[in-house]
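Notes follow once the structure below has been shown.
Any value given below was found using the heavy atoms of this structure, including those in side chains, with hydrogens, waters and symmetry copies removed. Ligands are counted one by one from 1 in listed order, and the atoms in each one are counted from 1 as well.
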Amino acid sequence: MKVNTFKPFGDAAGASPDGHHACGMVRNMKYDYLVVGAGLYGATFARTAADAGKKVLVIDRRNHIAGNVYTEKVKGINVHKYGAHIFHTNNRKVWDFVNRFADFNRFTNTPVANYKGEIYSLPFNMFTFNKMWGVVTPEEASAVINKQKEEAGITEPKNLEEQAISLVGSDIYEKLIKGYTEKQWGRKCTDLPAFIIKRLPVRLNYDNNYFNARYQGIPTGGYTKMVSNMLDGIEVRTGVDFLKEKDSYEGLAETVVYTGALDEYFGYSLGNLQYRSVRFDEEVLDTDNFQGNAAVNYTDAETPWTRIIEHKWFEFGKDEEGRDIPGTVISREYSSEWHPGDEPYYPVNDEKNNALADNYKALAQKEENVIFGGRLGEYRYYDMDAVIDAALKCAENVINSR
Ligand code: UDP
């Protein structure tokens, strides 16, 4: 279940299940929806509700909107402050929706892997296989992968390591997957779920496009501008921590749309869900071209960062010829286990955590008039387009059910 079932106040009986009459409250409520979190889920829900004529208040505990897609201009470059976000989708409805609020450039994500100074193409494709084994044809590449898979004796992959070897063989697993994954997740590949590696395409052609998506790009002017356009005309208050000011805020609206962390909402009463956090070490450099690509992944175990992002390459006209401001901005990403007070980025969707999340979701179901949504609210490793799709569907459902 993605969201809490919607249970409107002021039904035929006019009373809430705890016996309190709700009608008086409804009349005094200033807003139909209080959206907690101004990220993509919150902004999409808020826009859809506002377009349907609903009164919406959006709050966020950070001092800015846009959640983790927040971008900020540094030296004329839109820097992705909470990690690189490349918009990609096969969902026409979602693509049309975001294009209402931004023009997208035709950026295609083609990250490269740096393994101890050896450079490989990503995702795994014929360029990668050629560099790794000297093979030239798809047939030769499949033969090597199948041989390595057979040698490993894997029939039904049970974890990320087995899944990776059965997709691309043991050489690529050892050089391009193991070190990177164990740094990113802080766990052995044998202890991680197989689905994580299935996010990456494996191609027997010379296509370096990281995503199998019909539509892809970066919003011109940055994600913050896009989210600001989504929230146009909607009341937004930043620097407001809902969980600390619940008493004064929840009475303002009939329905709360909560996009913060699921376990935090319940005061971690059943225990902490695990997340991975990321630290970004941002540097402004005098050089105009640091690494010649937006993303370089460091796939060995020893390099302490997982990847380096050079933000200018997400945009156009920022190369040597077209640049208006000299210099470049890079961010090194360091992955760590989340501790209370850190920013949660990635839910660790292993069996143990998913089981705990299910228990929290059962509590969420019982919360009257609260909808839980988004990567943190649903504890799901969601991509941006899936978040928007879920928010659109949820908003349409609850608005139509009234
Ligand atoms: N991955 C890898 N090597 C790479 C890039 C990705 O092994 O060079 C694995 C890693 O386990 C990662 C997963 O693929 O968690 C998904 O990568 P993706 O790029 O989708 O992660 P995100 O962009 O969400 O951090």
Taking heavy atoms and a distance under 4.0 Å, where does Arg276 meet ligand 1: side chain, backbone, both or neither?
-> neither

Using a 4.0 Å heavy-atom threshold (strictly under), name the region of Ile177 that reaches ligand 1: side chain, backbone, both or neither.
-> both

Just to confirm my output: which protein heavy-atom neighbour is closest to [atom], and how far is it?
{"atom": "atom 23 (O) of ligand 1", "value": "Arg307 NH1, 3.4 Å"}
{"atom": "atom 17 (O) of ligand 1", "value": "Leu200 CD1, 3.4 Å"}
{"atom": "atom 9 (C) of ligand 1", "value": "Ile197 CD1, 3.6 Å"}
{"atom": "atom 12 (C) of ligand 1", "value": "Gln184 OE1, 3.4 Å"}
{"atom": "atom 20 (O) of ligand 1", "value": "Arg199 NE, 2.9 Å"}
{"atom": "atom 15 (O) of ligand 1", "value": "Trp185 NE1, 2.8 Å"}

Side chains of [X] and [Y] only: does a donor on one sit below 3.5 Å from an acceptor on the other?
{"X": "Asp389", "Y": "Asn91", "result": "yes"}
{"X": "Thr48", "Y": "Asp51", "result": "no"}
{"X": "Glu378", "Y": "Tyr41", "result": "no"}
{"X": "Gln184", "Y": "Thr306", "result": "no"}
{"X": "Asn209", "Y": "Asn109", "result": "no"}

Which ligand 1 atoms are under 4.0 Å away from a heavy-atom of [X]?
{"X": "Leu176", "value": "2 (C), 3 (N), 4 (C), 7 (O), 8 (O)"}
{"X": "Leu122", "value": "8 (O)"}
{"X": "Asn297", "value": "4 (C), 5 (C), 8 (O)"}
{"X": "Tyr210", "value": "5 (C), 6 (C), 17 (O), 18 (P), 19 (O)"}
{"X": "Ile196", "value": "11 (O), 13 (C), 15 (O), 16 (C)"}
{"X": "Tyr346", "value": "22 (P), 24 (O), 25 (O)"}
{"X": "Thr299", "value": "8 (O)"}

Which heavy atom of [X] sits nearest to which heavy atom of [Y], and what is that distance?
{"X": "Thr224", "Y": "Ile65", "answer": "O-CD1, 3.9 Å"}
{"X": "Glu182", "Y": "Arg187", "answer": "CG-O, 3.3 Å"}
{"X": "Leu356", "Y": "Gly271", "answer": "CD2-O, 3.9 Å"}

Heavy atom of Lys178 under 4.0 Å from ligand 1?
-> no

Any idea which of Thr181, Asn114, Ile172 brings a heavy atom closest to atom 7 (O) of ligand 1?
-> Thr181

Option whose closest heavy atom lies nearest to atom 2 (C) of ligand 1, chosen from Phe124, Tyr120, Tyr381, Tyr180 = Tyr180

Would you kindly check if the NZ (Lys) or CZ (Arg) of Arg307 is within the cone defined by 45 degrees around the ring axis of Tyr334 and under 6.0 Å from the six-membered ring centre?
-> no

Looking at Tyr82, does the NZ or CZ of Arg62 lie under 6.0 angstrom from its six-membered ring centre and within 45 degrees of the ring axis?
-> yes

Taking Phe87 as the fixed residue, which of Asp383, Val98, Val69, Ile218 is the one that meets the side chain to side chain contact (heavy atoms under 4.5 Å, CB included) rule?
-> Val98

